[in-house]
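Note sheet for the following structure.
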Amino acid sequence: MSDAQSIALSLISHTNAGKTTLARTLLAEDVGEVRDAAHVTATADRHTLVETADGDALLLWDTPGFGDSARLARRLAGSAHPLRAFLASSWDRLRDRPFWSTQQAVKNVRDEADVVLYLVNAAEKPQDAGYLEPEMQILEWIGKPVIALLNQTGPPRPSAEEAADVARWRDALGARTILRGVIALDAFARCWVQEATLLDAVARTLPAAKQQAFVRLAAAWERSRAAQFDASMAALAAPLAGAGGDREPVAEASFAESLRDVGRAVGLPLKGGGKSRSAAIDALAARLDAAIRASTDELIAIHRLEGRAADVVTARLAPQVVARAPIDEKKAAIVGGFVSGALSGLVADLASGGFTFGAGLVAGGVAGAVGAAGIARGVNLVRGTVGTTLRWSDAFIASLVPAAILRYLAVAHYGRGRGEWTEGEHPAFWRSVVMEAIEKRGGMPALAALRDAAGDSARDAGVWRSELAGLARDVLARLYPDAQMPRGADGALNQEPSRGRATPEDK
């Protein structure tokens with residue numbers, strides 16, 4: 001394309017502030033060298049952040065860190081043309097490494113940058129950052145537009161705390177014509193939504209001649225992120241659909257085991273039995289563990305991270321398993337003998353593992369154990385049930401939804417600069433935000449009702465994917481209220497699932 005252009009961002013900071021670590025996170029590649037030492041990056045290295053089929057390219061330069069900025073600013077302050085004097089000097093790379101590194105960084109910004117991304121260490125107080133004023137003075141001499149990025153902000157925080165941090169650093173940086181924005185963008189814990197905020201700030205900074213090229217580049221970035229988001233939701237939906245339809249048969253209990261089960265059901269302190277049910281629960285749990293691990297591994301790969309998910313270590317979840325069973329004829333006979341007459345609804349529940357016989361079948365009552373066993377056979381025949389199976393309860397399936405969203409947030413915030421993926425504790429406020437979003441979408445009962453919203457596994461996965469996508473969008477909008485949620489070519493990230501519910505804007 002004849003009007004294809006390159007747009008360059010130069011990443012610059014005081015030495016050892018985390019430029020290369022942030023570059024790795026933005027590029028999703030292990031570029032450069034990362035060590036806890038000054039002046040690790042010796043040269044300015046160019047990388048492609050985004051490109052289009054038309055030939056446009058958004059470039060990211062990782063530059064050497066500023067060295068002794070205060071001494072440099074003092075030396076150049078009296079010069080009529082400080083930048084020219086500085087670049088005309090020949091700094092010895094070995095004898096005066098701080099000055100030499102600063103010179104390389106300044107040359108890159110002067111010669112290559114359309115926009116300067118100036119990284120600061122937000123872990124320190126602005127008043128303690130003695131390098132801040134001289135480095136901003138150097139950037140003013142260069143004259144390129146600057147966007148300040150707050151790095152090393154720590155784990156994700158509520159938006160109000162982050163906004164207060166941004167305001168504090170904006171005040172410290174002062175009212176300068178070159179400063180076009182201050183954004184929190186931590187190399188370890190940024191979310192891709194914050195990258196959209198950065199691109200929006202860059203768009204407002206570029207000259208008119210480069211606006212059309214940047215529009216194409218931003219659209220390419222949005223399509224990539226939309227595809228990543230959709231793939232993530234599909235990965236999260238798979239374990240939900242699988243667990244929702246999973247069933248495990250239970251071996252037929254002996255007469256003695258049935259007697260123990262009924263005795264325990266009516267409060268008798270009987271021991272033993274139950275091995276077949278425990279084995280079935282273990283099988284269900286093992287399949288769920290494997291599915292969640294596979295889903296997390298897929299999420300990690302989708303976000304171009306390294307590492308594998310840890311074992312989910314699902315606890316024994318017997319209370320979360322319900323029986324989908326024919327009425328046990330042995331239990332029915334025993335219960336019938338106990339009551340010596342009519343079967344009540346409560347006794348029928350005990351005999352059938354939670355399913356009542358139904359008023360039509362028990363009308364008038366049946367006397368004796370033989371009569372009770374006969375009713376059990378009738379119900380089995382009506383239902384077409386030939387064996388006992390276990391499945392996860394509706395409440396438990398619903399509880400997997402907030403866990404899935406939290407898992408997504410953890411991976412989506414994990415910067416590649418941190419190295420291989422490792423599971424950590426979620427920030428406490430994340431769970432509150434997720435549960436608030438769920439409540440606004442109908443609460444846990446609405447999630448439990450989704451279990452039977454589709455009739456086959458493929459449709460189940462689609463239902464869960466749609467629900468998770470809507471919920472994830474709501475959560476991201478609450479976590480980053482000032483961010484513009486990106487759209488793909490088809491507007492995928494702004495489409496609400498068609499479940500007949502109001503969007504947050506409608507409420």
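- Applying the side-chain contact (heavy atoms from CB on, under 4.5 Å) rule to Ser159 yields the partners Pro481; only residues at least two apart in sequence or on another chain are considered.
- Here the closest non-hydrogen pair linking Arg441 and Glu467 is NE-OE2, 3.4 Å.
- The side-chain heavy atoms of Gln5 and Gln212, taken from C-beta on, include no pair separated by under 4.5 Å.
- Evaluation of the salt bridge (charged side-chain N to carboxylate O under 4.0 Å, His left out) rule for Glu29 yields Arg304 as partners, not counting sequence neighbours.
- Shown here are the salt bridge (charged side-chain N to carboxylate O under 4.0 Å, His left out) partners of Arg287, two or more places apart in sequence or in another chain: Asp246, Glu248.
- By the salt bridge (charged side-chain N to carboxylate O under 4.0 Å, His left out) test, Glu133 pairs with Arg176, sequence neighbours left out.
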Working note: Trp192 + Leu26, criterion side-chain contact (heavy atoms from CB on, under 4.5 Å); need CA distance, chi angles, decisive distance, verdict. CA-CA 9 Å; Trp192 60 269; Leu26 294 175; over 6 Å; no

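- Taken from CG in Leu240 to CG in Leu468, the straight-line distance is 5.5 Å, to the nearest 0.5 Å.
- With sequence neighbours excluded, no residue forms a side chain to side chain donor-acceptor pair (under 3.5 Å) with Asn121.
- Legend: residues meeting side-chain contact (heavy atoms from CB on, under 4.5 Å) with Arg190, ordered by chain and number and at least two apart, are Thr25, Leu185, Gln194, Glu195, Arg225.
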Quick one: side chains of residues 198-205, donor-acceptor pairs under 3.5 Å with protein atoms, not counting sequence neighbours, listed by atom name and distance.
| residue | atom | partner | partner atom | Å |
| --- | --- | --- | --- | --- |
| Asp200 | OD2 | Arg204 | NH1 | 2.5 |
| Thr205 | OG1 | Ala201 | O | 2.9 |

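- With salt bridges taken as basic N to acidic carboxylate O contacts below 4.0 Å, none links Asp62 and Lys19.
- Judged purely by atom type and a 3.5 angstrom limit, Ser295 has no side-chain atom pairing as donor or acceptor with the backbone of Ala291.
- Although no hydrogens or angles enter the test, the distance criterion places a donor-acceptor pair under 3.5 Å between the side chain of Asp186 and the main chain of Thr153.
- A search for side-chain contact (heavy atoms from CB on, under 4.5 Å) contacts involving Asn108 returns Ser10, Ala44, Trp61, Thr63, Glu112, not counting sequence neighbours.
- In this structure, the side chains of Ile178 and Ile142 stay at 4.5 Å or more apart for every pair of heavy atoms.
- Counting non-hydrogen atoms of neighbouring residues, nucleotides and ligands closer than 6.0 angstrom, the CD atom of Glu51 reaches no more than 12 such neighbours.
- Between Trp430 and Met435 the shortest side-chain heavy-atom distance does not fall below 4.5 Å.
- In this structure, CG on Leu179 lies 5.5 Å from CG on Leu173, to the nearest 0.5 angstrom.
- Summarising the geometry of Ala28 relative to Arg416, their closest heavy-atom pair is C-CD, 3.3 Å, with the distance given to 0.1 Å.
- Ion pairing between Asp165 and Arg157 holds under the 4.0 Å rule for side-chain N and carboxylate O.
- Under the 3.5 Å distance criterion, the side-chain polar atoms of Asp114 are matched with a main-chain donor or acceptor of Ala8.
- When all heavy atoms of Leu150 and Ala122 are compared, the closest pair comes out as CB-CB, 4.0 Å.
- Interatomic distance, Leu58 CG to Leu60 CG, rounded to the nearest 0.5 Å: 7.5 Å.
- Contacts of Ser224 classified as side-chain contact (heavy atoms from CB on, under 4.5 Å), with partners at least two apart in sequence or in another chain: none.
- Rounding to the nearest 0.5 angstrom, the gap separating the CG atom in Leu288 from the CZ atom in Arg293 is 10.0 Å.
- Scanning both residues, Ser6 and Lys210, for their nearest heavy atoms gives O-NZ, 3.1 Å.
- Put simply, the side chain of His426 does not reach to within 4.5 Å of the side chain of Leu409, judged on heavy atoms.
- With sequence neighbours left out, the ring pair (Phe, Tyr, Trp, His ring centres under 6.0 Å) criterion links Tyr131 to His14.
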side-chain contact (heavy atoms from CB on, under 4.5 Å) between Ser232 and His303: does it pass, once the steps are laid out? CA-CA 9 Å; Ser232 298; His303 287 80; 3.2 Å; yes

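- Listed for the Thr48 side chain is no donor-acceptor partner under 3.5 Å among the backbone atoms of Val50.
- With a 4.5 Å cut-off on side-chain heavy atoms, Leu117 and Ile12 do not count as touching.
- Distance CG/Leu132 to CD/Gln137: 12.0 Å, rounded to 0.5 Å.
- Using a 4.5 Å heavy-atom cutoff, the side chains of Leu22 and Leu119 are in contact.
- The salt bridge (charged side-chain N to carboxylate O under 4.0 Å, His left out) analysis of residues 401-415, with sequence neighbours excluded, yields no pairs.
- Contact annotation: the side chain of Asp230 approaches that of Arg465 to within less than 4.5 Å [non-hydrogen atoms, C-beta and beyond].
- Two residues are said to be in side-chain contact when any heavy atoms from C-beta on lie closer than 4.5 Å; Met233 and Leu236 meet this criterion.
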So Ile302 and Phe229, side-chain contact (heavy atoms from CB on, under 4.5 Å) or not? Walk me through it. CA-CA 9 Å; Ile302 288 168; Phe229 181 85; over 6 Å; no

Yes or no on side-chain contact (heavy atoms from CB on, under 4.5 Å) for Tyr480 and Thr197, after CA distance, side-chain angles and deciding distance? CA-CA 10 Å; Tyr480 302 101; Thr197 301; over 6 Å; no

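- Atom-to-atom distance recorded for Asp482:CG and Ile183:CD1 is 11.0 Å, nearest 0.5 angstrom.
- For residues 431-451, there are no ring pair (Phe, Tyr, Trp, His ring centres under 6.0 Å) pairs, not counting sequence neighbours.
- Side-chain contact, Glu135 with Tyr118: a donor N or O sits under 3.5 Å from an acceptor N or O.
- Using modelled atom types, no side-chain atom of Lys144 and backbone atom of Val115 make a donor-acceptor pair closer than 3.5 Å.
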